[in-house]
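Below is one structure; the comments refer to it alone.
Atoms within each ligand, like the ligands themselves, are counted from 1 in listed order.
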Amino acid sequence: MSCSRLLIPLYLLSISLLFQLGLAIDLDSYSIYCSQSSFLAGGPYNKNLNNLVRYLDSKTPLTGFGSGSQGLGQNRTYGLALCRGDINSRDCKACVDQASNEIQKVCKLKKEAIAWYDVCMLKYSNLSFLGKIDNKNWYFEESTNFWSNPGYFNKEVIQILSTLQKEAYVSPKMYAAGALEIGNSTTLYGLVQCTRDLSSANCNICLEEAIGAVTPYFHGSVGGKIWGGSCNVRYEIYPFFNA
Ligand SMILES: *[C@@H]1O[C@H](CO)[C@@H](O)[C@H](O)[C@H]1NC(C)=O
Ligand SMILES: *[C@@H]1O[C@H](CO)[C@@H](O)[C@H](O)[C@H]1NC(C)=O
Ligand SMILES: *[C@@H]1O[C@H](CO)[C@@H](O)[C@H](O)[C@H]1NC(C)=O
């Protein structure tokens with residue numbers, strides 16, 4: 001798809017952009033967390049989880065976010081799915097489909113799991129977590145390339161992410177993405193997002209915590225992903241989201 005786009009004459013580009021021909025989404029790389037605790041195959045939790053995942057899979061693409069629970073008492077399961085704020089519903093569906101298949105393969109019979117993809121995440125647990133900040137489950141990924149002056153670079157990363165944080169936590173989608181020109185004719189791209197079960201105040205707290213991990217984890221690395229159970233942060237020196 002991205003190849004054929006190169007053949008479009010320049011004057012048509014602005015028209016094609018109206019159709020939101022996005023960057024191709026990557027569903028091959030992901031990270032998955034599974035809990036230790038298991039449930040019985042074919043038991044009530046299993047049935048509730050299947051129903052929940054099916055529900056999230058159908059609901060999430062409509063708005064980019066879905067959450068809910070299934071079952072009662074000990075057999076109850078809670079879940080959410082979130083697509084990145086710039087993703088259309090077709091790509092959102094493709095990602096949540098993939099995530100729900102993969103998570104149930106990798107975390108077979110586990111009560112709690114989280115799957116993080118570039119453009120979506122899926123989480124479920126037997127614990128009632130909706131509305132609460134998950135500060136236990138984090139996934140970090142950094143570029144192996146480093147900026148020669150890490151102190152300067154880090155300051156710029158924090159600056160763009162903090163600006164986006166202020167925008168995101170008061171916006172209905174709890175999402176913000178943007179770019180910042182930094183020295184050396186480089187553009188820094190950043191993106192922050194919260195799961196929409198959080199209150200605005202909790203979104204702000206979650207992003208604060210995630211952005212606080214940039215300096216200790218990614219000192220000078222030219223790209224980083226901080227994916228949590230309740231909020232996500234990413235920065236790169238190349239464009240990775242649809243404006
Ligand atoms: C969970 O499901 C089992 C099997 O249906 C049932 O016996 C048990 O009472 C349920 N537990 C709760 C707390 O609802
Ligand atoms: C969730 O599962 C864990 C591990 O099996 C169990 O210890 C805990 O009591 C469960 N919590 C609820 C609310 O069902
Ligand atoms: C200039 O940019 C490159 C990446 O494009 C970076 O690796 C290098 O460290 C930068 N130099 C300075 C002095 O910031």
Enumerate the atoms of ligand 1 whose separation from the nearest heavy atom of L72 is less than 4.0 angstrom. 14 (O)
Sorted by first residue and then second, give each salt bridge (Lys or Arg N to Asp or Glu O under 4.0 Å) pair with at least one member in residues 92-109; sequence neighbours left out. K93-D97, E102-K105
Is there a disulfide between C203 and C231 in this structure (defined here as SG atoms under 2.5 Å apart)? no
Remaining members of L198's ILVMFWY cluster at a side-chain heavy-atom cut-off under 4.5 Å? I133, I205
Non-hydrogen atoms closer than 4.0 Å to ligand 2: which protein residues do they belong to? List them by chain and number, please. S37, Q74, K111, N126, L127
Residues pairing under side chain to side chain donor-acceptor pair (under 3.5 Å) where one sits in residues 61-70, two or more places apart or in two chains, turn out to be S69-R76
Would you confirm whether N184, through its side chain, and T186, through its main-chain N or O, come within 3.5 Å as a donor-acceptor pair? no
Could you tell me if S38 and K110 have a donor-acceptor pair between their side chains, going purely by distance under 3.5 Å? yes
